[in-house]
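Scroll down for the structure; my scribbles are underneath it.
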Amino acid sequence: QLQASGGGLVQAGGSLRLSCVVSGRPSSFYHMGWFRQAPGKEREFVAAITAGGTTSLYRDSVKGRFTISRDNAKNTVFLRMNSLKPEDTAVYYCSAGNIWRPSTASSYTYWGQGTLVTVSS
């Protein structure tokens with residue numbers, strides 16, 4: 001089970017940190033990803049990190065602004081989002097899986113409920 005939190009309303013240029021707590025099995029079992037879905041749009045890949053935390057991947061539009069990290073001792077994955085833009089507005093979902101195809105949603109077995117991020121201009 002995944003529980004995402006940390007979303008909210010922020011002005012453009014601001015920052016937020018999303019958290020995703022993994023329960024049921026140690027988070028170290030899973031590669032973790034963050035996806036987002038804006039109103040009227042399809043879900044899209046944002047960032048992913050390997051189970052051991054040694055490799056991460058980002059969509060081009062968030063590179064240099066977002067950072068994915070994990071603390072396996074706390075079974076938690078984070079998404080630090082800086083320099084937020086209105087186009088980052090979406091529901092953000094964390095996901096967990098055992099196959100490293102990071103940008104492919106179908107490679108993730110478990111999904112959190114989503115947390116809403118709204119960036120005002």
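- Put simply, CZ on Arg59 and CZ on Phe45 are 8.0 Å apart, with the number rounded to the nearest 0.5 Å.
- In the hydrophobic cluster analysis, where Ile, Leu, Val, Met, Phe, Trp and Tyr join through side-chain heavy atoms closer than 4.5 angstrom, Val119 is grouped together with Tyr92.
- Annotation: side-chain contact (heavy atoms from CB on, under 4.5 Å) contacts of Arg101 (sequence neighbours excluded): Ile99, Thr104, Ser107.
- Between the side chains of Ser15 and Asn82, at least one donor N or O sits under 3.5 Å from an acceptor N or O.
- Closest of all the heavy-atom pairs between Ala12 and Ser121 is CB-CA, 4.3 Å.
- Residues Phe35 and Trp111 bring their aromatic ring centres within 6.0 Å.
- Closest non-hydrogen pair, Gly6 versus Thr115, comes out as N-OG1, 3.9 Å.
- Screening Gln1, Met32, Arg70 against Val22 for a side-chain contact (heavy atoms from CB on, under 4.5 Å) leaves a single residue, Met32.
- By the side chain to side chain donor-acceptor pair (under 3.5 Å) test, Tyr30 pairs with no residue at all, sequence neighbours left out.
- Annotation: the span from Lys41 atom NZ to Glu87 atom CD amounts to 8.5 Å, rounded to 0.5 Å.
- Side-chain atoms of Leu16 and Leu84, non-hydrogen and from C-beta on, do get closer than 4.5 Å to each other.
- A donor-acceptor distance shorter than 3.5 angstrom exists from the side chain of Arg65 to the backbone of Ser83, with no hydrogens or angles considered.
- No path of Ile, Leu, Val, Met, Phe, Trp and Tyr side chains, each step under 4.5 Å between heavy atoms, connects Phe29 with Trp100, placing them in separate hydrophobic clusters.
- Once rounded to the nearest 0.5 Å, the distance linking CG of Leu79 with OG1 of Thr67 reads 8.0 Å.
- Sparse packing is recorded around OH of Tyr110, with 12 or fewer heavy atoms of other residues, nucleotides or ligands lying under 6.0 Å away.
- Atom CZ of residue Phe78 and atom OG of residue Ser19 lie 5.0 Å apart, to the nearest 0.5 angstrom.
- Side-chain polar atoms of Ser27 and Asn75 form a donor-acceptor pair below 3.5 angstrom.
- Atoms OG1 and CG, from Thr76 and Leu18 in turn, are 12.5 Å apart once rounded to the nearest 0.5 Å.
- At a threshold of 4.5 Å between side-chain heavy atoms, the hydrophobic network of Ile, Leu, Val, Met, Phe, Trp and Tyr places Val21 and Val117 in two separate groups.
- Counting only heavy atoms from C-beta outward, the side chains of Gln3 and Gln113 approach each other to under 4.5 Å.
- The main-chain N or O of Thr89 is never found under 3.5 Å from a side-chain atom of Thr118 such that the two would form a donor-acceptor pair.
- Both cation-pi conditions hold for Arg43 and Tyr93: the charged atom is under 6.0 angstrom from the six-membered ring centre and inside a 45 degree cone around its axis.
- The stretch residues 26-121 participates, sequence neighbours left out, in these disulfide (SG to SG under 2.5 Å) pairs: Cys20-Cys94.
- Between Asp88 and Lys85, no side-chain nitrogen of the basic residue sits less than 4.0 Å from a carboxylate oxygen of the acidic one, so the salt-bridge criterion is not met.
- Between Gln37 atom CD and Glu44 atom CD the span is 9.5 Å, to the nearest 0.5 Å.
- Using a 4.5 Å cut-off between side-chain heavy atoms of Ile, Leu, Val, Met, Phe, Trp and Tyr, with links allowed through other members, Tyr108 and Val91 fall into the same hydrophobic cluster.
- Without hydrogens or angle criteria, His31 side chain to Gly97 main chain gives no donor-acceptor distance under 3.5 Å.
- Heavy atoms only, all atoms of each residue included: Ser28 and Ala51 are closest at O-CB, 3.4 Å.
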